[in-house]
Amino acid sequence: MAMRARSQQKQFDLKACLESATEAVNRALDGFLPKASMKPETIHKAMRYSLFAGGKRMRPALCLAAATACGGHQAEALPLACAVECIHTYSLIHDDLPAMDDDDFRRGKPTNHKVFGEGIAILAGDALLTQAFEIAAKCRSWPRYSHQRVLLELASASGSLQLIAGQVADLEGEGKPLSAAQLKYIHERKTSALLCCSVRLGGMSANCSEAQLKALTEFGYNVGLAFQIIDDILDVTQTSEQLGKTAGKDTAAQKATYPSIVGMEKSRQIARRLTERSFAALGIFRGKAQALEGLAGYLLNREK
């Protein structure tokens, strides 16, 4: 399976896939969000500042790729892809606040609170979280997936048992010796939950079968964990200029990371193993998941 997946990646134009997804998502987000000139202008400028700061749009790309793998149309998945990106951006704005990770740069630009102040940054994050549910509420439902189930998917992934749980555990774990199991708990929730939600929503937009949804869940879970382990590695090995955010923050904050607990090489091995599992989960799609395979490989081998 792994060899077949890697062979297909060579044939798949990943660069074109990412560029197409980014263009479509940016255009859709521009339409969904209030214009910067709408009152109160400050909040709408702040929302747009972080949302259009040049992110890779990886979660939306995975959402669209999952829809394609299930035989759906990207146009159907696009609102859900945008909703996930709004939630992701809100989490970054809040993550960068002085009371959280206290970072001055994100995506190579000053963080939201550095430009607009802490109060507006908090409200911009709040507004983007709310905007996500407004966008999702306006999309259609599908025979297997009601509006209620779609909204519950978003709420569960971003709530106090998943995304926020991971952030809480991350904050409470600073300066404390954590086990690999405790760190995995953080990564499963802070990173993997929303990434997994992205591919599940893409499948739902294609009215996927329960078997396909299970496969996407397995894929998203493993890719999400691998993504965060690579993030931990890059925080140690890359410069701030390469990352677009302050390098070495985890070490400075005395946060547990995979490299600090199991070592650099073991961390890379775990990330590769998780990515292999994600490839294996896609067998059900019989060659129609090239985009998902390509994105998984990219996330494993990325340098920022």
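Both the sub-6.0 Å distance and the 45° axial angle are not jointly satisfied by R140 relative to the ring of Y145. The cationic atom of R189 (NZ for Lys, CZ for Arg) lies less than 6.0 Å from the six-membered ring centre of Y185 and within 45° of the ring axis.
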Just do the side chain to side chain donor-acceptor pair (under 3.5 Å) check on S278 and T275 with the steps written out, would you?
CA-CA 5 Å; S278 74; T275 304; 5.1 Å; no
Checking side chain to side chain donor-acceptor pair (under 3.5 Å) for the pair T217/R200: CA distance, chi angles, key distance, verdict?
CA-CA 6 Å; T217 303; R200 282 173 58 87; 2.7 Å; yes
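Between K15 and E19 there is a salt bridge, with a side-chain nitrogen of the basic residue lying less than 4.0 Å from a carboxylate oxygen of the acidic one. Between E23 and R27, at least one side-chain N (NZ, or NE/NH1/NH2) sits under 4.0 Å from a carboxylate O, which counts as a salt bridge. For E85 and R57, the salt-bridge test passes: some basic side-chain N is under 4.0 Å from an acidic carboxylate O. Ionic pairing of R302 and D231 is present here: one or more N-O contacts between side-chain nitrogen and carboxylate oxygen are shorter than 4.0 angstrom. A salt bridge links E134 and K138; the closest N-O separation between the charged side-chain nitrogens and carboxylate oxygens is under 4.0 Å.
The backbone N or O of N207 lies less than 3.5 Å from a partner atom in the side chain of R144, making a donor-acceptor pair. Judged by distance alone, with hydrogens and angles left aside, the side-chain atoms of S260 form no donor-acceptor pair with the main-chain N or O of A256 at under 3.5 Å. Proximity of a side-chain donor or acceptor of T68 to a complementary backbone N or O of L64 within less than 3.5 Å is detected. Side-chain atoms of H187 do not come within 3.5 Å of backbone N or O of Q228 as any donor-acceptor pair. Side chain of D170 to main chain of G166: no donor-acceptor pair is present (N/O by atom type, distance under 3.5 Å, no hydrogens or angles). Of the possible polar contacts, none joining the H88 side chain to the M58 backbone as a donor-acceptor pair under 3.5 Å is found. With hydrogens and angles disregarded, no donor-acceptor distance shorter than 3.5 Å links the side chain of R149 to the backbone of M204. Of the possible polar contacts, none joining the R277 side chain to the Y221 backbone as a donor-acceptor pair under 3.5 Å is found.
Among D96, T111, T89, the one residue that satisfies the side chain to side chain donor-acceptor pair (under 3.5 Å) test with R106 is D96. A side-chain contact (heavy atoms from CB on, under 4.5 Å) with I284 holds for exactly one of E218, K214, Q212; it is Q212.
For the pair Y49/P110, a side-chain contact is recorded, criterion being any heavy-atom separation below 4.5 Å from C-beta on. Using a 4.5 Å heavy-atom threshold, the side chains of I261 and S267 count as separate. Counting only heavy atoms from C-beta outward, the side chains of L216 and L292 approach each other to under 4.5 Å. Between I270 and L225, the closest side-chain pair of non-hydrogen atoms is not below 4.5 Å.
No side-chain donor from either of S205 and E76 sits under 3.5 Å from a side-chain acceptor of the other.
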